Amino acid sequence: MTMLRPVLSGLPVMLLAVPAHAQVHQFDEPLVLVPLPPPPLVLDLPDYPEFVLYVKAERPRLPLPVRALLEAAMKTDDSASVSALVKFAQQTQPYDKDEIRDMQRAYNDRRAKEIAAKTEAELARIRASGVLELWKGQIEVGAFRSTGNTDNFGVTAALKLNRKGIKWEHMIQANADYQEDRGTITREQYSASYQPRYTLNDGFFTYGRTQYERDRIQGFEDRYTLSGGLGYRVLNRPGMTLALEAGPAFRATNYVDDVDQTTWSMLTSLDFDWTINPTIKLSQDISSYVGSDNNTFTSMTAIEAGMMKGLKAKLSYSIEHETRPPSGSLKTDTISRFSLVYGF
């Protein structure tokens, strides 16, 4: 085919030359032109790609072991553990962050609904409760050693009751210390108090307090205290609370040998509780009565350790200081107590 192309391309010249040759040779036949076919069409196309098999596949999903771990954690109420697992899962599975985030959002929504329902049920239970319901308390029995006006060992007992409502909180406390040496009573102290609190908002509250004390060794038969004022919760979070109180106080004292006395004073107090772990608790209670003739300062530091369900061991150290005690009495008494506490 390649060799024919020059020949075919020369045909027109040969055909045109025929008449001239015919004139020379004096041919009488007419000249007939035969049309030539067009050259073949050649397409310059790129190579056809090979066939690729198409398989429909789902989008990548979170690996099943990781999902199972997250789902197991999200069946519990431990939000802190869930947050930690979600954090590490997002670091190890960066392409599945959206799916992990959706799982966490669903968990948080469910927990929020559960907490709201539980809170509403608890409020309904408190509203429907009677006066003698919702009380919690503890009984304390043990031994003590005192220094100051007496220096000996004795027995101690205490009762604490607490009732928390929606706005109101009621606290009742009673203490008794008894000490005898060779048939002689060297310490006989009794006290009881009742204190209601009314919450104004998350931080502030009002309170009232009535208190009775008896301690012949310190020089008074009876002492009555009535006070009220304003308090503030400096700390109020799980495991740690700190409350401050301040207000005027009225005190009436019946002394053993001196003249009975009625005074006005200023009461301030601090109440700190810290649950270090589920079995150990630290507490600090401080109070002061500042008046024109006599000031009373008390401090008690205590630590409790859980032994078994409902039973704890308690070690405490308290100081009581009177600036102007009755004649013949020392200003400062200290008491170290070791006791067993049963909660109910």
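Any value given below was found using the heavy atoms of this structure, including those in side chains, with hydrogens, waters and symmetry copies removed. Predicted model, so just to flag it, every value in this text is computed and none were measured.
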Side chains of residues 60-72: which donor-acceptor partners sit under 3.5 Å, not counting sequence neighbours?
from, atom 1, to, atom 2, distance (Å)
R67, NH1, E71, OE2, 3.4
R67, NH2, E99, OE2, 2.3

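- Residues I280 and N277 share a closest heavy-atom pair of N-OD1, 2.9 Å.
- At a threshold of 4.5 Å between side-chain heavy atoms, the hydrophobic network of Ile, Leu, Val, Met, Phe, Trp and Tyr places L270 and I303 in one connected group.
- Residues satisfying the salt bridge (Lys or Arg N to Asp or Glu O under 4.0 Å) criterion with R101, sequence neighbours excluded, are D98.
- Going from atom CE of M103 over to atom CG of N108 covers 12.0 Å, rounded to the nearest 0.5 Å.
- The NZ atom of K164 sits 9.5 Å away from atom OG1 of T199, with the distance rounded to the nearest 0.5 Å.
- A chain of hydrophobic side-chain contacts below 4.5 Å, direct or via other Ile, Leu, Val, Met, Phe, Trp or Tyr residues, connects I139 to W135.
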Practice problem: For side chain to side chain contact (heavy atoms under 4.5 Å, CB included), just list the numbers for R163 and I172, CA-CA rounded to whole Å, side-chain angles, deciding distance to a tenth of an Å, and then say yes or no. | Solution: CA-CA 9 Å; R163 186 184 190 275; I172 298 175; over 6 Å; no
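- Sequence neighbours left out, not one pair with a member in residues 279-291 passes salt bridge (charged side-chain N to carboxylate O under 4.0 Å, His left out).
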Self-check item: side chain to side chain contact (heavy atoms under 4.5 Å, CB included) assessment of F220 paired with N254
Solution: CA-CA 6 Å; F220 57 87; N254 300 327; over 6 Å; no
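- When every heavy atom of W168 is checked against every heavy atom of P196, the shortest pair comes out as CZ3-CB, 4.1 Å.
- Rounded to the nearest 0.5 Å, atoms CD (Q284) and OG (S316) are 11.0 Å apart.
- Taking every heavy atom of both residues into account, K167 and L200 meet most closely at NZ-O, 4.2 Å.
- Hydrophobic clustering keeps Y317 apart from F297 (ILVMFWY residues linked when any side-chain heavy atoms are closer than 4.5 Å, directly or through intermediates).
- Shown here are the salt bridge (Lys or Arg N to Asp or Glu O under 4.0 Å) partners of D102, two or more places apart in sequence or in another chain: R105.
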Self-check item: Chi angles and distances behind the side chain to side chain contact (heavy atoms under 4.5 Å, CB included) call for M74, T76
Solution: CA-CA 5 Å; M74 292 177 180; T76 67; over 6 Å; no
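- Evaluation of the salt bridge (charged side-chain N to carboxylate O under 4.0 Å, His left out) test over residues 194-207, restricted to residues two or more places apart or in two chains, returns R197-E245.
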Self-check item: Residue pair V290, S265: steps toward the side chain to side chain contact (heavy atoms under 4.5 Å, CB included) verdict
Solution: CA-CA 5 Å; V290 179; S265 60; 5.6 Å; no
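- For Y194, the ring pair (Phe, Tyr, Trp, His ring centres under 6.0 Å) test picks out no residue, with sequence neighbours left out.
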Quiz prompt | salt bridge (Lys or Arg N to Asp or Glu O under 4.0 Å) assessment of E114 paired with K118 | solution = CA-CA 6 Å; E114 291 176 351; K118 185 177 180 180; over 6 Å; no
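- How far CZ of R214 is from OG of S191: 13.0 Å, rounded to the nearest 0.5 Å.
- Side-chain contact check for T225 versus T210: every heavy-atom pair is 4.5 Å or farther apart.
- Side chains of V82 and Y107 form a contact here, defined as non-hydrogen atoms less than 4.5 Å apart.
- Shortest non-hydrogen contact noted between A252 and T262 is CB-OG1, 4.1 Å.
- Side-chain atoms of E320 do not come within 3.5 Å of backbone N or O of S299 as any donor-acceptor pair.
- In this structure, F205 and Y232 have side chains that are not in contact, with every pair of non-hydrogen atoms separated by 4.5 Å or more.
- Two residues are said to be in side-chain contact when any heavy atoms from C-beta on lie closer than 4.5 Å; D273 and D271 meet this criterion.
- Across every non-hydrogen atom of P248 and M266, the tightest pair is N-SD, 4.0 Å.
- For the ring pair (Phe, Tyr, Trp, His ring centres under 6.0 Å) test, residues two or more places apart in sequence or in another chain that qualify with Y212 are Y224.
- In this structure the side chain of D222 never reaches within 4.5 angstrom of the side chain of T253, judged on heavy atoms.
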Which pairs would a plain distance check flag for residues 336-344, meaning a side-chain donor or acceptor within less than 3.5 Å of a matching protein atom at least two apart in sequence or in another chain?
from, atom 1, to, atom 2, distance (Å)
R337, NE, T156, OG1, 3.3
R337, NH1, S318, OG, 3.4
R337, NH2, D177, OD1, 3.4
R337, NH2, D177, OD2, 2.4
S339, OG, E140, OE2, 2.7

Practice problem: Let me see the working for R223 and E322 under salt bridge (Lys or Arg N to Asp or Glu O under 4.0 Å), right down to the final yes or no. | Solution: CA-CA 14 Å; R223 181 162 64 187; E322 302 273 352; 3.3 Å; yes
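- Counting heavy atoms from C-beta outward, I166 and R127 have side chains that approach closer than 4.5 Å.
- Smallest separation of non-hydrogen atoms from N294 and R324: OD1-N, 2.8 Å.
- The structure places CZ of R209 at 4.5 Å from CD of Q195, a figure rounded to the nearest 0.5 Å.
- In this structure, N175 and Q173 have side chains that are in contact, with non-hydrogen atoms separated by less than 4.5 Å.
- Residues meeting the salt bridge (Lys or Arg N to Asp or Glu O under 4.0 Å) test with E122, sequence neighbours left out: R125.
- Residue pairs that meet the ring pair (Phe, Tyr, Trp, His ring centres under 6.0 Å) test with at least one member in residues 235-275, sequence neighbours left out, are F250-W264.
- Under the 4.5 Å side-chain contact rule for hydrophobic residues, V141 and Y178 do not share a cluster.
- In this structure, I286 CD1 and T298 OG1 are separated by 8.5 Å, a value rounded to the nearest 0.5 Å.
- Side-chain contact between Q104 and I100: absent, with no pair of heavy atoms (C-beta onward) separated by less than 4.5 Å.
- Sorted pairs that involve residues 82-97 and meet side-chain hydrogen bond (donor to acceptor under 3.5 Å, both in side chains), not counting sequence neighbours, are lacking altogether.
- Without hydrogens or angle criteria, T323 side chain to N295 main chain gives a donor-acceptor distance under 3.5 Å.
- With respect to R251 and E213, a salt bridge is recorded, a charged nitrogen being found less than 4.0 Å from a carboxylate O.
- Listed by first then second residue, pairs satisfying salt bridge (charged side-chain N to carboxylate O under 4.0 Å, His left out) with a partner in residues 299-309 read E304-K312, not counting sequence neighbours.
- A single hydrophobic cluster is not seen to contain both I335 and L315; linkage of ILVMFWY side chains at heavy-atom distances under 4.5 Å, directly or through other members, places them apart.
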